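Here is the structure we will look at, set down as structure tokens.
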Amino acid sequence: ESYVARLGMKARAAGIHLFLITQRPDKDALPGPVKANMNNKICLRVSSQLNSRIVLDENGAETLLGSGHLAAKLANERPSNQTSLIYAQAPFLDDDAAFDLAAAIRDYWAKR
């Protein structure tokens, strides 16, 4: 935990974007010192308001639709009189479609 927190501090000071991906949004996966050094936060759907507050410091991620729907809290991007969350839809690609896409790319480049 201390190594990740230190890495986060150094990355923030140097202006480097650091990605920390966790499978569970709980206080053990995102302890305070680590979370404090993560300026930009992206969250997919979570099960409860408590988990949303752990990741984003506010409610909202529990109402997402899933399949790529996300909420982001970006540093220095707070419009006046609005929530600081930005909602977006990332492309969702299931395993079968990913394999089909990889095969099409492979076949295309094999013909060249």
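Since we're looking at a predicted model, the values are computed, not measured.
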(request) Find out whether Leu65 and Arg45 are in side-chain contact, i.e. whether some heavy atom of one side chain is under 4.5 Å from a heavy atom of the other. (result)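 Side chain of Leu65 against side chain of Arg45, heavy atoms only: no contact under 4.5 Å found.
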
Could you pull out the closest heavy-atom pair between [X] and [Y], with the gap in Å?
X: Tyr87; Y: Gly60; value: OH-CA, 3.8 Å
X: Val55; Y: Lys41; value: O-CD, 3.1 Å
X: Ala61; Y: Cys43; value: CB-SG, 3.7 Å
X: Leu44; Y: Leu64; value: C-CD1, 3.7 Å
X: Asn59; Y: Leu85; value: O-CD1, 3.4 Å
X: Gln89; Y: Ser67; value: NE2-O, 2.9 Å

(request) Report the distance from atom OG1 of Thr63 to atom CD of Gln49, rounding to the nearest 0.5 Å. (result)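 Answer rounded to 0.5 Å: 9.0 Å.
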
(message) Nearest 0.5 angstrom please: Ile86 CD1 to Leu70 CG, how far?
(response)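 It comes to 10.0 Å.
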
(request) Group every Ile, Leu, Val, Met, Phe, Trp and Tyr by side-chain heavy-atom contacts under 4.5 Å, then state whether Leu56 and Ile54 land in the same group. (result)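 Both belong to a single hydrophobic cluster.
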
(request) Treat each ILVMFWY residue as a node, draw an edge where side-chain heavy atoms are under 4.5 Å apart, and state whether Trp109 and Leu101 are in one component. (result)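 Looking at the clustering, Leu101 is in the same group as Trp109.
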
